[in-house]
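Quick notes on the structure that follows.
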2 protein chains.
Amino acid sequence: MVNKIKDTTTEEKILEAARKVFIERGLDGARMQEIADKAGINKALLHYYFRSKDKLFEVIFKETAGNLFPKFEMILNSDKPLFDKIDEIVSNYIDLIIKNPYLPLFVLSEMNKSRNLQLANFFEMQRNKFVEKFVQNIEKEIKKGVIKKISPAHLIINIFSLCAFPFIAKPVIGILLEIDDLQFKYMMEQRKKIVTDFIIASIKK
Amino acid sequence: MVNKIKDTTTEEKILEAARKVFIERGLDGARMQEIADKAGINKALLHYYFRSKDKLFEVIFKETAGNLFPKFEMILNSDKPLFDKIDEIVSNYIDLIIKNPYLPLFVLSEMNKSRNLQLANFFEMQRNKFVEKFVQNIEKEIKKGVIKKISPAHLIINIFSLCAFPFIAKPVIGILLEIDDLQFKYMMEQRKKIVTDFIIASIKK
DNA sequence: GTCTATATTCAGATAGAC
DNA sequence: GTCTATCTGAATATAGAC
């Protein structure tokens with residue numbers, strides 16, 4: 001590798017720090033000072049690299065928002081049975097969120113603050129075609145009589161609700177179910193199978 | 001009524017304004033100035049009544065958080081079949097959120113900011129016994145053989161995920177499904193039946 | 001590119017008149 | 001109780017030396 005030991009340039013250190021701070025605290029709650037501290041530099045340098053807090057945030061949001069709905073086209077394009085595809089999507093998605101537990105709340109929170117119309121626009125552009133593909137898959141299986149008649153849109157919403165919501169509600173779930181972080185993580189691992197089964201049981205004829 | 005025309009005291013006007021602003025923008029994003037403007041008074045008066053932004057927020061959060069998981073004991077205590085109870089809970093809950101679409105995101109966002117341990121404590125105290133009751137209901141039906149063997153905790157999580165998540169994800173759903181606010185609202189009305197059916201189909205033997 | 005020091009802006013909070 | 005005016009502190013942003 002020519003591009004050597006210094007795989008952490010200052011810019012990358014800033015981005016890494018900003019990612020953590022913004023995702024944990026949101027745009028409003030984040031402090032440039034904390035980002036600077038985490039990156040091991042000073043505030044002035046942040047502005048040297050990214051000009052303003054908003055600009056820096058934009059970079060982080062754009063790179064992050066794209067991950068919220070990953071490109072499942074590959075899975076959907078295969079000729080496996082629909083149930084296998086759902087299994088794969090659910091498992092992959094829950095795994096993704098286990099690795100980035102703050103991801104859904106971060107993106108959805110910021111999307112809900114309607115100022116920054118830019119963000120919505122960006123999301124629109126990013127819209128990959130997986131929903132379309134998913135709808136086609138579902139409609140085909142309904143026609144074939146493999147699954148019940150169900151609105152594809154609602155089914156897709158159901159799938160992602162079941163995967164993502166528990167992580168958003170984690171603190172509340174912890175209290176209501178009286179479980180600690182470790183038990184929570186264990187439950188989320190379980191959910192890969194439980195959610196898949198739940199969905200399939202519901203739609204299979 | 002003795003307690004007359006003036007059912008909007010200054011304090012109530014402040015609370016109403018604060019509710020709107022905090023719920024829409026969160027603690028960090030809210031501005032005392034905006035609350036004062038909405039209440040038709042000035043900032044000084046806010047402090048006269050509530051001393052600080054944090055104190056005012058606490059009042060709003062506490063009154064709001066109690067609504068996130070309503071007291072479904074009455075429903076659960078009846079002797080109707082479990083499926084009817086689920087139907088009622090789902091319908092009531094979705095209706096509740098339709099009326100307060102920002103409620104879930106507001107409460108869950110603030111709960112996720114771990115500073116303000118007080119909030120978590122409060123939630124703990126508020127914990128009504130509906131989860132316990134719900135678990136008992138489910139376990140009984142499993143024993144009776146009415147529904148499949150399923151983890152009650154996961155089932156409860158599933159139910160609330162399916163109800164609440166779509167509202168949190170509304171902006172994203174709007175973009176991905178290319179629907180406007182009216183269509184969204186219509187979908188959410190539909191969901192009362194769709195979610196109930198989805199759940200029951202999944203657990204019935 | 002990176003730092004220290006400083007400017008600027010903004011928002012929460014208080015003082016004091018009425 | 002309610003207001004205007006002001007203070008204070010915090011956070012973003014910039015100037016300028018190295």
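Note that the coordinates shown come from a computational prediction; the quantities given were computed from them, not determined experimentally. Here is how names work: the chains are called A, B, and so on, in the same order as the sequence lines, proteins then strands, and each is numbered from 1.
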Would you mind listing every salt bridge (Lys or Arg N to Asp or Glu O under 4.0 Å) that reaches into residues 149-174 of chain A, with sequence neighbours excluded?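 Those involving residues 149-174 of chain A are A:K170-A:D181.
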
Can you pull out every salt bridge (Lys or Arg N to Asp or Glu O under 4.0 Å) where at least one residue sits in residues 67-84 of chain B? Sequence neighbours excluded, please.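 Listed once each, the pairs are B:K80-B:E88.
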
So, using side-chain hydrogen bond (donor to acceptor under 3.5 Å, both in side chains) as the criterion, who are the partners of [X] when residues are at least two apart?
X: B:N77; result: B:K133
X: B:H47; result: none
X: A:S109; result: B:S109

Could you give the [atom1]-to-[atom2] distance, from [X] to [N], as a whole number of Å?
X: B:K13; N: D:dT2; atom1: NZ; atom2: C1'; result: 11 Å
X: A:F22; N: D:dA11; atom1: CZ; atom2: P; result: 14 Å
X: A:E11; N: C:dT2; atom1: CD; atom2: P; result: 11 Å
X: B:L45; N: D:dG1; atom1: CG; atom2: C1'; result: 7 Å

Base contacts versus sugar-phosphate-only contacts with protein, heavy atoms under 4.0 Å: please encode nucleotides 11-18 of chain C as B, S and - from 5' to 3'. SBBBB---

Short side-chain N/O contact from A:N42 to OP1 or OP2 of C:dT2, under 4.0 Å: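 Answer is no, no contact under 4.0 Å.
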
Please classify the nucleic acid contact of A:I41 as base, sugar-phosphate, or nothing, using heavy-atom distances under 4.0 Å.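 Sugar-phosphate contact only.
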
Pairing of A:K113 and A:D28 as salt bridge, 4.0 angstrom limit: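 Here A:K113 pairs with A:D28 in a salt bridge, since their nearest N and O are under 4.0 Å apart.
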
Options C:dC3, D:dC3, D:dT2, nucleotide nearest the side-chain atoms of B:T10: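 Nearest nucleotide to the side chain: D:dT2.
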
